[in-house]
Amino acid sequence: MPGSIPFSRDFDFEYGRMEQVAPMVRRIVARNPSRFTWHGTGTYVIGEGNVAVIDPGPDLAEHVDALLAALDGENVTHLLVTHTHRDHSPACAAVQAATGARTYGFGRHGSGRIDRGVQVEEGADHDFVPDVHLSHGDVVSGDGWSMECVHTPGHTSNHLCYQLREQKALFCGDHVMGWSTTIISPPDGDIVSYLASLELLLDRQDDLYWPTHGPCISDPKPLVKALIAHRLERAEEIRACLANNVHRIADMVPRMYPELPKAMHPAAARSVFSTLIYLIERGEAICEGELDVAARFALDSTAGA
Ligand SMILES: [Zn+2]
């Protein structure tokens, strides 16, 4: 249950104010709060004088203006993007126009995220194409800092985390959030990849995480372990639903998320759908007819014999 995940919702900030949050690390929060972004997008600035910006943020003039004003007299050399959701990458265009900095990322967005007209997460930015395509293990260096790229597909297929090597600090985008679980919405969101990308973090030596939404995660591995356990518990709940003749996602969501506001049910349905795909890939469940969030699902009666 979500209650067992060690979330931290203690987040001290002021919109539009650039704040030094660690040596070499500053953050400014955009005023784009939503049920997907919590208080809004945290844009990070790395270095001093010649700086990198991680996730310039949404296409919001107030945010771009505040970011550029705070960097007046400095030189932006790199724009690093974790992934192409609209709360992360669109401001690259305006910041690049103002600074001439090159953009870095894994690649363009995989696919669309709108399910039957209901917004289930921050939408995709299909316009963003990085000037420099990054792969897992690449290192990007600037003035006094270097970043190791960690490909972490799951939330999106093109999601990258960046480790500031000088501080063993991982800028983890939306892969891990301190305040909430991450939305995994098929087809671009993929729970099998997501679990593998969480396991990948357990094998790494990162001292702390800076997520895009919310405060620093100072003791990351217990949180990552709890997030993995949480997903596996959800899978178990879905097995129980199927065993108890609850075959449709629309009927599973109210059982599995009794306290979730109705407005969030479509997003939860996408997460349940992603977990059903995981069970299908494991040979534990089947989808009757076309694979769709509205389909009828069942346990695979041939499994476990
Ligand atoms: Zn995202």
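As the structure lists them, so they are numbered: ligands from 1, and atoms in each ligand from 1.
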> Would you call the rings of F106 and H151 parallel, tilted or perpendicular if under 30° counts as parallel and over 60° as perpendicular?
Replying inline: parallel
>> On the six-membered ring of F128, is R86 placed so that its NZ or CZ lies under 6.0 angstrom from the centre and within 45° of the ring axis?
In response: no
>> Hydrophobic clusters here meaning ILVMFWY residues chained together by side-chain heavy-atom distances under 4.5 Å, can you tell me if L195 and F273 are in one?
In response: yes
> So which of the N, O or S atoms of D174 lies nearest the Zn ion (ligand 1)?
Replying inline: OD2
> Name of the H85 N, O or S atom nearest the Zn ion (ligand 1)?
Replying inline: ND1
> Can you check whether G40's main-chain N or O pairs, donor with acceptor, with D87's side chain at less than 3.5 Å?
Replying inline: no
> At the Zn ion (ligand 1), what angle lies between atom NE2 of H155 and atom NE2 of H83, rounded to 10 degrees?
Replying inline: 100°
